[in-house]
A.B. asks: 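Pasting a structure here, questions to come.
Throughout, protein chains are lettered first and strands after them, A, B, ... in sequence-line order, and every chain is numbered starting at 1.
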Amino acid sequence: MRPTARRVGVVPICLSALLAAGAAFAQAKPVKVGLSSAFSGHVGFIGADARRGIELAIEELKTANTAVAYELSIADDECTPAGGATAFRRLMDVQQVDVIIGSGCSGATLGGMPTLMDGKLSAVTYGSTNPKITEGAGVGGNPYMWRMNLNDTIIGETFAAFIAKDGVKSAHILAVNNDFGRGAAGVYQALLPKNDVKVNGADFFSQGASDLRALISKIAARSPDAILLFGEPPDCALMARQKREMNLKAKIFSRGGCYTDESLKLMGDPRLGDGLTEAAYWARTPDQPMVEAYRKRHGDYPPYNAALAYYAMMTVDQAVRKAGPSRDGITKGLAQVDWKSAIGPIKFDANHQARPDLFMVRIENGEQKVIETISNAR
Amino acid sequence: MELLLNQLINGLTAGSEYALIAAGLALIFGVLEVVNFAHGEFYMLSSYYLYLLMTRYNLPYVVAVPLVIVAMILSGVIFYYLVIRRVLSRSWQLQLIATLALSIVMVNTAIVLSGPVPKYLESPLNSQIVQIGMASISVQRLVVLAATAISFATLYAVLKYTRIGKAMRAVAQNREAAAAVGISVEKVGLATVVAGCALAGVAGALISPLYTIHPGMAALVIIKAFAAVIVGGFGNVTGAVLAAFLIGLLEALVTTVLPSEYADAFVFGGMILVLLVRPHGLFGRVARS
């Protein structure tokens, strides 16, 4: 009897071992996260930065021993609408990801958005600011598009009042000729006059344009109190150097990363940026552990795309915790996310728009200084 | 009036940048009838040489610039033997694919080796600003203007008065006939490609401190350089240089009176108009049969 009983006893043990192994296997199967961003072209650095931010988040989640493992796939959307459509499609159909983070460019996000409906796949943008994305997401028609960062309408309402309060009576808009620049220009052309700031005009430059002198001459002739600049860090650095060269005195208010370390480095002399004020959806505030973690890993402060992509990845993790790691689970989970992040609350409204904090950053003595943190939580 | 003077200076400085790049492009096509789609990437390569010399070896700008031009001459030799010589007598389609492929390889190699993050190099001449009337301009930009004039004058003198220059013109007129009278087409080809790369070297070394260095830095400027080469009369160096200045001036003037986004439409619309009226460009000759 005893040997038989022993044999019978072995069966549940083996079954338990098999089940445990199965569970472990199920646990080990990673959630596939796709990053759609620009890895080539004039703003190819956006993708490389975002990738580092997401990798840091995944590493931290792994160290924290969460139940879910994450695996990152990337696709180059070239920061263009067509590139966005292709990258989203590739991540969805070929890489078979469970969620997309991106794009960091408004044009690419707008181009990729319709694709999400086919695969019932959610995408969380961390850097696109064109208001059309919010208008089209959630109750706007696309249930799979989510925006973790502030959009230009939300930022504009505060920033336009800030500009007026700073004593500016007239401004000229200078923006990159893409969905980000055109979207932002439209917002401020409407908002500034409501704050008694006259808009002298709006001009646009091609992404990657190297010479802004003709535009600066034109703007200088109209003598505005301020220039509103919507561009990426290389554009801002170029503007700062050519402003010095042409002895332009107008104040600069900006959006797009003009205050960032990368922009200041590209100016050559960071003090060329002195006086520039940016309404930023991310700033290097002292209460963010990721800043030091990134610095430890890469030897430098995180670029803003790295930081925002990091928080987007953490938002995805919050969603997975709420409703599971499948495409459907992540979509349901994102609707339930209510996370107090180090950059403000992340909770999506009916248009899938979150409202983290807004940072007013000014360059003083060649260094960025957060002069005000504004809560946007409703 | 002040705005017009400013825009005139802006147009001339922008034009000089296009001209420096367009001259090499026009020279290679004019003599060898090869459209070098990698020419913009040689401009990018020379900028990276400058960056390497100034940051890795801590050389001052004035020392680094001549070394960049030497490096570009060597790069030109390699480019000739690795690519151009092999496709010189082949079909234009093969030449196009070869130079286009090289352009893609060069851009992606730059991304792999240096990353996509733009880089900035400070030239001491960049922060020295001079006043011309009411307009202010950096000495670096004046150096670009002067270098364009000197480079073009040198090229003109070489083509007009030297033995190799005369041989280049002979090959440009009729390659087979030139070979038949004893001109070494290979030597002429090598000299042409080296001169074209050296011009790209001058452009990269002088222009890049004004802007930023990154793998895609040639993308926009090479389009304007191609437009200048086409408008100037494909293969005509003088025409390309003059057309480059015209493009620079047109851009600046259109920006003055219209929203700036129309500038490119005017430049390329103007190019189409010129080609409708003069299919061989402003200074072009009728194509050889």
A.B. asks: Okay, side chain of A/S106, backbone of A/S128: is any donor-acceptor separation there less than 3.5 Å?
C.D. replies: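 Between the backbone of A/S128 and the side chain of A/S106 there is no qualifying donor-acceptor contact (under 3.5 Å).
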
A.B. asks: Pick one of side chain, backbone, both or neither for A/L215, based on which atoms fall under 4.5 Å of a heavy atom in chain B.
C.D. replies: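 Contact with chain B: backbone and side chain both.
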
A.B. asks: Is B/T256 close to chain A through its backbone or its side chain, or both, or neither, when contacts mean heavy atoms under 4.5 Å?
C.D. replies: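 Interface part for B/T256: backbone (N, CA, C, O).
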
A.B. asks: As an exercise: rank B/D264, B/V221, B/L220, B/N6 by heavy-atom pairs under 4.5 Å with chain A and give me the winner.
C.D. replies: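 Highest number of pairs under 4.5 Å: B/L220.
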
A.B. asks: What part of B/E122 lies closer than 4.5 angstrom to a heavy atom of chain A: side chain, backbone, both or neither?
C.D. replies: side chain

A.B. asks: How are the rings of A/F230 and A/F180 set relative to one another: parallel (under 30°), tilted (30 to 60°) or perpendicular (over 60°)?
C.D. replies: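 Rings of A/F230 and A/F180: perpendicular, as their planes differ by over 60°.
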
A.B. asks: Given that the side chain runs from C-beta out, which part of B/N108 has a heavy atom under 4.5 Å from chain A: side chain, backbone, both or neither?
C.D. replies: neither

A.B. asks: So, applying side chain to side chain donor-acceptor pair (under 3.5 Å) with B/K119, which one of B/S208, B/S114, B/S47 is it?
C.D. replies: B/S114

A.B. asks: For B/I213, which atoms come within 4.5 Å of any heavy atom of chain A: side chain, backbone, both, or neither?
C.D. replies: neither

A.B. asks: Assess whether a salt bridge exists between A/K265 and A/D300, defined as any Lys/Arg side-chain N lying under 4.0 Å from an Asp/Glu carboxylate O.
C.D. replies: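 A salt bridge links A/K265 with A/D300.
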
A.B. asks: Would you mind checking which part of A/R213 comes under 4.5 Å of any heavy atom in chain B, side chain (CB onward), backbone (N, CA, C, O), both or neither?
C.D. replies: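 Both parts, backbone and side chain.
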
A.B. asks: What residue, out of A/E245, A/R244, A/K218, has the most heavy-atom pairs lying under 4.5 Å from chain B?
C.D. replies: A/E245

A.B. asks: So B/H214 and A/H42, would you call those rings parallel, tilted or perpendicular, with 30° and 60° as cut-offs?
C.D. replies: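 Correct class here is perpendicular.
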
A.B. asks: Under a 4.5 Å heavy-atom cut-off, does chain A meet the side chain of B/I129, its backbone, both or neither?
C.D. replies: side chain

A.B. asks: Taking the side chain as everything from C-beta on, heavy atoms only, tell me whether A/P193 gets closer than 4.5 Å to A/V199.
C.D. replies: yes

A.B. asks: Where on A/N177 is there a heavy atom nearer than 4.5 Å to chain B: the side chain, the backbone, both, or neither?
C.D. replies: side chain

A.B. asks: Among B/E17, B/Q128, B/Q7, B/Q131, which has the most heavy-atom pairs under 4.5 Å with chain A?
C.D. replies: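 Of the options given, most contacts go to B/Q7.
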
A.B. asks: Given the rule in the salt bridge (charged side-chain N to carboxylate O under 4.0 Å, His left out) test, do B/R141 and A/D211 qualify, once you have shown the distances and angles that lead to the verdict?
C.D. replies: CA-CA 11 Å; B/R141 222 174 277 276; A/D211 197 349; 3.7 Å; yes

A.B. asks: For the candidates B/G216, B/S136, B/A14, which exhibits the highest count of non-hydrogen atom pairs separated by less than 4.5 Å from chain A?
C.D. replies: B/S136

A.B. asks: Could you measure the distance from the CD1 atom of A/I216 to the CD1 atom of A/I227? Nearest 0.5 Å is fine.
C.D. replies: 7.0 Å

A.B. asks: Which answer fits B/I9, side chain, backbone, both or neither, if we ask what part of it has an atom under 4.5 Å from a heavy atom of chain A?
C.D. replies: side chain

A.B. asks: Report the option among B/G11, B/S138, B/P209, B/P215 that has the most heavy-atom pairs separated by less than 4.5 Å from atoms of chain A.
C.D. replies: B/S138

A.B. asks: Looking at A/Y294, is A/R52 sitting on its ring face, NZ or CZ under 6.0 Å from the six-membered ring centre and within 45 degrees of the normal?
C.D. replies: no

A.B. asks: Quick check for you: to the nearest 0.5 Å, what is the distance between B/S151 atom OG and B/L20 atom CG?
C.D. replies: 5.5 Å

A.B. asks: Side chain, backbone, both or neither: which part of A/E262 has a heavy atom under 4.5 Å from chain B?
C.D. replies: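 Neither part.
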
